[in-house]
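Sequence positions, counted from 1, serve as the residue numbers for this chain. A quick note: this is a predicted structure, and the numbers were derived from the prediction, not measured.
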Amino acid sequence: MKILHTSDWHLGRALYGRKRYEEFEAFLAWLVETIQQNAIDVLLVAGDVFDTSAPSHRAQALYYRFLCRMAASSCRHVVVIAGNHDSPSFLNAPRELLKALDVHVVGHASEDPEDEVCVLADANGAPELIVCAVPYLRDRDIRVAEAGETIEDKERKLIDGIRAHYAAVADVAMKKRAEINAAIPIVAMGHLFTAGGQTVDGDGVRELYIGSLAHVSAGIFPDAFDYLALGHLHVPQKVGGSETMRYSGSPLPMGFGEATQQKSVVIVDFQAPSGAQAASGTHSLPECAPSAHRHPAISLIDVPVFQKLERIQGDWPDISSRILELSAADSRTWLEIIYQGLEVMGDLRVRLDAAIDGTGMEILRVKNNRIIERVLGQIHDQQTLDDLSTNEVFERCLAAHQVPPAQWPALLHAHQEILASLGEDDRQAE
């Protein structure tokens, strides 16, 4: 049995105002072909299917068209969980209808952990895989607020709540496997931020919880899981060095900071013999250490670049030279320009437009650091609003209004909680 793990599609996401539907459509077409070529049996989508809780009609059309193509493919099952960008109610709305197509959707955490455990059958109707489909766990799903709590109490309850939730679904999964009386694998899904996880500047990855303990450790996940398919972080990576605890990463670069990053999807093969070569086009990876149950062979498949992005930074000779190189190669790259020269160039945009005139390139963003410094008079170490996080802006406000430093920690924490609660509101549920 082969499983393909992907996540963080962010359908409908724009880049500095530029729509990217053609890229998303090309990726989904490639994914269908990849699933067919590699004889994938189960597809796992670990959250952030859409970029917003109210996706556009075109983004929805891409999603449902893809699921229809999956139903007509050799892939027997699709399991989708909601991420922090998704609306749980929106994803859940067609779940009963989609179940008829063997598409299993879990949009929000349930009081009954059995609702998040899917037993998937093979072509003959026999159970072949148990999936613990744990969606993004919102603060209110796993923690009950109490009067007089300290910040440390809230952080500890968050981590304890996540640990308890995964322990509960793992317990249900193991009981189901015992009832089936067959040595079938247990795979878990999740959408969260693990400790030590890698991010990239400008990738749009949000902090999910408030406080220093918001990043969970690999140790909170039960040993019952033979593979853990995670979403949220856009850089493909292992968790704690484990081959079988992974982020697949986003299939498309979400920003120019990811432009040079190789994107991939993960194939998890529970039938490949030890030492066997992965399917054509994959990179073989070392197998994980043997577990008490079974350990799969893990391989990555590179996702093609459907729209090239490039960040060009430096002085004018550096920038113009690189644009000339790209033009000579008949490039259709989308560009981000960061001017760092000493000369103040008030006509930078005019020069850039002239440089790409007649080419297939587009400039999506220009950052002229010298003009910014000149206008702001090098205030706040030459930083601009684009360079500051929401917390840093709030700190500047506290300083500007001469709020006593002793009050800052409580106010900053309250500010973070307000932002988090706004981000978790499911507007589609009303």
Close side-chain approach of Ile298 and Arg246, heavy atoms under 4.5 Å: yes
Least distance between heavy atoms, Phe24 atom then His10 atom: CZ-O, 3.2 Å
Backbone N/O of Val105 and side chain of Arg95: donor-acceptor pair under 3.5 Å: yes
Closest non-hydrogen atom pair, Ser7 against Pro251: O-CD, 3.3 Å
Close side-chain approach of Ile3 to Leu129, heavy-atom, < 4.5 Å: yes
Side chain proximity check, Val239 to Tyr247, heavy atoms < 4.5 angstrom: yes
side-chain hydrogen bond (donor to acceptor under 3.5 Å, both in side chains) against Ser56, all qualifying residues, sequence neighbours excluded: Tyr21
Salt bridge Asp160-Arg163, side-chain N to carboxylate O under 4.0 Å: yes
Residues in side chain to side chain contact (heavy atoms under 4.5 Å, CB included) contact with Ser327, at least two apart in sequence or another chain: Thr359, Met361
Short side-chain to backbone donor-acceptor contact, Gln307 and Arg332, under 3.5 Å: yes
Between NE2 on residue His104 and CG on residue Leu44, distance to nearest 0.5 Å: 10.5 Å
With sequence neighbours excluded, residues passing side-chain hydrogen bond (donor to acceptor under 3.5 Å, both in side chains) with Arg18: Glu362
Leu230 side chain near Phe193 side chain, heavy-atom distance below 4.5 Å: no
Under the side-chain hydrogen bond (donor to acceptor under 3.5 Å, both in side chains) test, residues paired with Asp318 that sit two or more places apart: none
Side chain Ser73, main chain Cys75, donor-acceptor under 3.5 Å: yes
Worked check of side chain to side chain contact (heavy atoms under 4.5 Å, CB included) between Phe66 and Val32: CA-CA 8 Å; Phe66 171 80; Val32 171; 3.7 Å; yes
Flag if over 12 foreign heavy atoms under 6.0 Å of CZ, Arg351: yes
For Ala133, side chain to side chain contact (heavy atoms under 4.5 Å, CB included) partners two or more places apart: Val79, Ile81, Val106, Val131, Met189
Residue list, side-chain hydrogen bond (donor to acceptor under 3.5 Å, both in side chains) with Arg322, at least two apart or on another chain: Glu310, Glu325
Asp330 atom CG: more than 12 heavy-atom contacts under 6.0 Å: no
Check: Trp316 and Met345 side chains under 4.5 Å, non-hydrogen atoms: yes
Step-by-step side chain to side chain contact (heavy atoms under 4.5 Å, CB included) determination, Phe256 to Ile338: CA-CA 11 Å; Phe256 285 96; Ile338 302 178; over 6 Å; no
Interatomic spacing from CZ in Arg20 to CG in Asp51 - rounded to 0.5 Å: 9.5 Å
Evaluation steps, side chain to side chain contact (heavy atoms under 4.5 Å, CB included), between His108 and Asn92: CA-CA 8 Å; His108 56 70; Asn92 270 351; 3.0 Å; yes
Gap separating the CG atom of Asp8 from the OG atom of Ser248, nearest 0.5 angstrom: 6.5 Å
Minimal non-hydrogen separation, Ser110 against Glu116, with atom names: N-OE2, 2.9 Å
Rounded distance (nearest 0.5 Å) linking atom CG of Leu137 with atom NE2 of His165: 5.0 Å
Min side-chain heavy-atom separation Thr6-Phe27 under 4.5 Å: yes
His234 versus Gln261, side-chain donor and acceptor atoms under 3.5 Å: no
Verdict with supporting geometry, Val266 and Tyr227, side chain to side chain contact (heavy atoms under 4.5 Å, CB included): CA-CA 11 Å; Val266 186; Tyr227 182 78; 3.5 Å; yes
Separation between CG of Asn38 and CD of Glu33, rounded to the nearest 0.5 Å: 10.0 Å
Minimum heavy-atom distance between Cys132 and Val169, given as atom pair plus value: SG-O, 3.8 Å
Separation of Met1 CE from Asp41 CG (nearest 0.5 Å): 7.0 Å
Phe394 side chain reached by Leu398 side chain, heavy atoms, under 4.5 Å: yes
Shortest non-hydrogen contact between Tyr16 and Leu364, atoms and distance: CB-O, 3.6 Å
Salt-bridge present (Lys19, Glu25; N to O < 4.0 Å): no
Test item: Asp226 side-chain N/O and Ile186 main-chain N/O as donor-acceptor pair under 3.5 Å: yes
Check: Tyr136 and His232 side chains under 4.5 Å, non-hydrogen atoms: no
Contact summary for Phe50 and Asp86, nearest pair of heavy atoms: N-OD1, 2.9 Å
